[in-house]
Colleague: 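What follows is a single structure, and I will ask about it in a moment.
The structure displayed is predicted, hence computed values, not measured ones. Remember, it's 1-based here, ligands and their atoms both numbered in the order they're listed.
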Amino acid sequence: MERAMSRKPHAMMIPFPLQGHVIPFVHLAIKLASHGFTITFVNTDSIHHHISTARQCDAGDIFSEARSSRNLDIRYTTVSDGFPWSLTGILHVFSAHVDDLITKISRRGDDPPLTCLIADTFYVWSSMICNKHNLVNVSFWTQPALVLNLYYHMDLLISNGHFKSLDNREDVIDYVPGVKAIDPKDLMSYLQVSDKDVDTNTVAYKILFKAFTDVKKADFVLCNTVQELEADSLSALQSKQPVYAIGPVFSTESVVPTSLWAESDCTEWLKCRPTRSVLYVSFGSFAHVGKKEIVEIAHGLLLSGLPFIWVLRPDIVGSDVPDFLPTGFMDQAEGRGIVVQWCCQRAVISNPAIGGFLTHCGWNSILESVWCGLPLLCYPLLTDQFTNRKLVVDDWCIGINLCEKKMVTRDKVSVSVKRLMNEETSSELRSNVEKVKCHVKNAVTTIGSSEVNFNSFVGEVRNRIATKMCHINGLE
Ligand SMILES: O=c1ccn([C@@H]2O[C@H](COP(=O)(O)OP(=O)(O)O[C@H]3O[C@H](CO)[C@@H](O)[C@H](O)[C@H]3O)[C@@H](O)[C@H]2O)c(=O)[nH]1
C-alpha cells in the first residue's frame with residue numbers, strides 16, 4: 001500500500017468538446033499537475049482544429065509552454081470525435097475512440113501508469129470505461145451545483161409531472177432535495193418542454209438521461225462552484241456521493257491556448273475610457289441568437305448612448321447568415337462601441353473601464369464576472385442559462401433580467417443597459433456583487449472552502465487509486 005501511495009497519480013482528462021468546458025478543464029489540469037498529478041489531457045480533433053485555425057497555425061501541444069515554464073507533467077493528445085462534430089458521434093462512437101486511446105497508452109507502458117479518468121459529466125460512458133480499465137472515476141461538472149442537483153433528480157420531476165408529461169405542471173417545484181422552491185421557467189431548457197411539444201427520444205435527451213444516471217456511479221464528482229454559494233444543493237448531492245465544490249477553477253496561467261476563434265486585443269481601445277463606463281456584451285461560444293433579436297440589441301445599444309464592447313461570433317445567428325447587423329450600425333457606433341468576433345474575456349472584463357456585463361448567463365461568464373465585481377444583465381438562451389439566471393437575479397441579487405422570453409425590444413435593451421451602468425440605479429447590485437465576490441475570492445485562499453475541498457479530494461483520490469492498485473496487484 002505504501003508503495004502504491006507513493007506513486008504519482010496519472011489522470012486522463014477529457015472535456016466535452018465545447019469552449020465553456022475546455023477552458024475549466026485546462027485550468028483544472030494545471031491545478032492538478034501543480035499538486036503532483038501526471039495529466040494526459042485529451043482534446044477532440046475538432047476542438048484542436050478550431051484552436052489551430054484561431055491561431056492560424058497548428059496549435060501543436062497546447063501545454064508545451066505551461067510544461068516548460070512551470071515544470072508540470074501534462075501530456076497532450078487528441079482523439080477523433082467523428083469530425084465534423086455531432087451529438088450522435090458523441091453518444092455512439094466517442095467511447096470507442098477513448099477506449100482505443102487508453103488501451104494504446106497502457107500497452108505503451110507510460111510512466112506512471114494511467115490510474116484515473118476525469119471526464120465531463122455530460123459523457124455517458126465514463127463508468128463503463130473506468131470499469132474496463134480499472135481507473136478511478138472522477139466526473140467534472142462545469143455548471144452550478146443547482147443544475148446538477150436538478151438533473152440528478154429528473155426522476156422526481158417526471159414522477160411529479162413537471163417534466164416528460166403531456167402537459168407539464170406549471171406550479172412551483174418544492175420537492176427536490178436541497179432546492180427550496182423553483183419555478184418551472186427557471187429549469188434548464190431541456191426540462192422545460194412537455195411531451196406534447198418535444199420528442200424526448202432524440203440524441204440530446206438520450207445523452208441527458210444516460211449521463212445523469214452514469215454520474216451516480218462516479219467515485220468522485222468535482223463541481224466548478226463554491227460551497228458557500230450553493231450550500232443546499234451541494235449538501236443534497238453530498239449526501240449521495242463524494243461531491244467537492246472546488247471553484248472557481250481559474251488559473252493565473254494564460255499560456256495555454258484554448259480560444260476557438262481568433263482573439264482581438266481590446267486593450268488600446270479601453271485605455272482612455274473612464275472607470276466603469278463600458279458595457280461588455282457576449283453570448284458565449286455556443287448559443288445562437290435570432291437575427292431579429294440581434295438587430296434589436298444593436299439598436300438598443302445605440303439608443304443607450306453608452307460605450308460598449310460586443311463579442312459577436314461569426315456564427316452567432318447561424319453559420320449561413322453572415323450579415324446580421326443593421327445597416328449603418330458600425331458607422332453609428334464609431335468612437336463609442338466596437339464589435340469583435342472573440343477576445344480574451346477575462347482580460348477584458350478585468351479592465352477597470354468595464355462596468356457591466358450583458359450576458360447569456362454561461363456559468364463561466366458568471367463566475368468570471370463575479371470575480372471582477374461586475375453586475376450582470378441577463379439574457380439566457382438555452383440549457384443551464386435559465387437556471388443560472390435564477391441564481392444571479394433571484395438568489396444573489398447581482399443582476400437584472402433583460403426580458404422574460406427571448407424576444408427583446410430595443411427600448412428594453414436601452415433602458416436596462418442604462419439602469420445597469422448607472423452608479424445610482426445599480427448601487428444595490430454592485431454592493432451585492434461585492435459580497436458574492438468575497439465568498440468566491442475567499443474560497444480559493446489557502447484556508448478557503450474550495451482549496452480545502454480540493455486538497456481533501458487530492459488526498460481521497462490518491463487513497464482510492466492506491467487501494468485499487470493493491471487490489472489489482474493482489475496486495476493487501
Ligand atoms: O470573447 C470571448 C467570449 C468568451 N470567452 C470565454 O469563453 C468561456 C465561455 O463560457 P460560458 O460563459 O460558460 O459560456 P458558453 O461558452 O456558452 O458555455 C457552455 O458551457 C457552460 C459551462 O458548462 C454553460 O454554462 C453554458 O450554458 C454553455 O453554453 C468563458 O470562459 C469566457 O471567458 C472568451 O474568452 N472570449
Colleague: Output, in order, the C-alpha distance, side-chain angles, deciding distance and verdict of side chain to side chain donor-acceptor pair (under 3.5 Å) for H153 and N149.
Modeller: CA-CA 6 Å; H153 291 101; N149 195 17; 3.0 Å; yes
Colleague: Under 6.0 Å from the ring centre and within 45 degrees of the ring axis: does the NZ or CZ of R75 meet both conditions for the six-membered ring of F63?
Modeller: no
Colleague: Do H21 and F286 have ring centroids that are under 6.0 Å from one another?
Modeller: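 No: the rings miss the under 6.0 Å criterion.
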Colleague: Do F140 and F25 make the cut of ring centroids closer than 6.0 angstrom?
Modeller: yes
Colleague: Quick check for you: to the nearest 0.5 Å, what is the distance between S426 atom OG and K418 atom NZ?
Modeller: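 So the gap between those two atoms works out to 14.5 Å.
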Colleague: Counting only heavy atoms not in K437 (residues, nucleotides, ligands), do more than 12 fall under 6.0 Å from its NZ?
Modeller: yes
Colleague: Would you mind listing each N/O atom of ligand 1 next to any protein N/O under 3.5 Å, plus the distance?
Modeller:
residue, atom, partner, partner atom, Å
ligand 1, 1 (O), C343, N, 3.0
ligand 1, 1 (O), C343, O, 3.4
ligand 1, 10 (O), N364, ND2, 3.3
ligand 1, 12 (O), S365, N, 3.0
ligand 1, 12 (O), S365, OG, 2.5
ligand 1, 13 (O), W363, N, 3.3
ligand 1, 13 (O), N364, N, 3.0
ligand 1, 13 (O), N364, ND2, 2.9
ligand 1, 14 (O), H360, NE2, 3.0
ligand 1, 16 (O), S285, N, 3.1
ligand 1, 16 (O), S285, OG, 2.4
ligand 1, 17 (O), H360, NE2, 2.9
ligand 1, 23 (O), H21, NE2, 3.1
ligand 1, 23 (O), T142, OG1, 2.8
ligand 1, 23 (O), Q143, NE2, 3.1
ligand 1, 25 (O), W363, N, 2.9
ligand 1, 25 (O), D384, OD1, 3.4
ligand 1, 25 (O), D384, OD2, 2.5
ligand 1, 27 (O), D384, OD1, 2.5
ligand 1, 27 (O), Q385, NE2, 2.9
ligand 1, 29 (O), Q385, NE2, 3.3
ligand 1, 31 (O), E368, OE2, 2.6
ligand 1, 33 (O), Q345, NE2, 3.4
ligand 1, 33 (O), E368, OE1, 2.6
ligand 1, 33 (O), E368, OE2, 3.2
ligand 1, 35 (O), C343, O, 3.3
ligand 1, 35 (O), Q345, N, 3.4
ligand 1, 36 (N), W342, NE1, 3.3
ligand 1, 36 (N), C343, O, 2.6

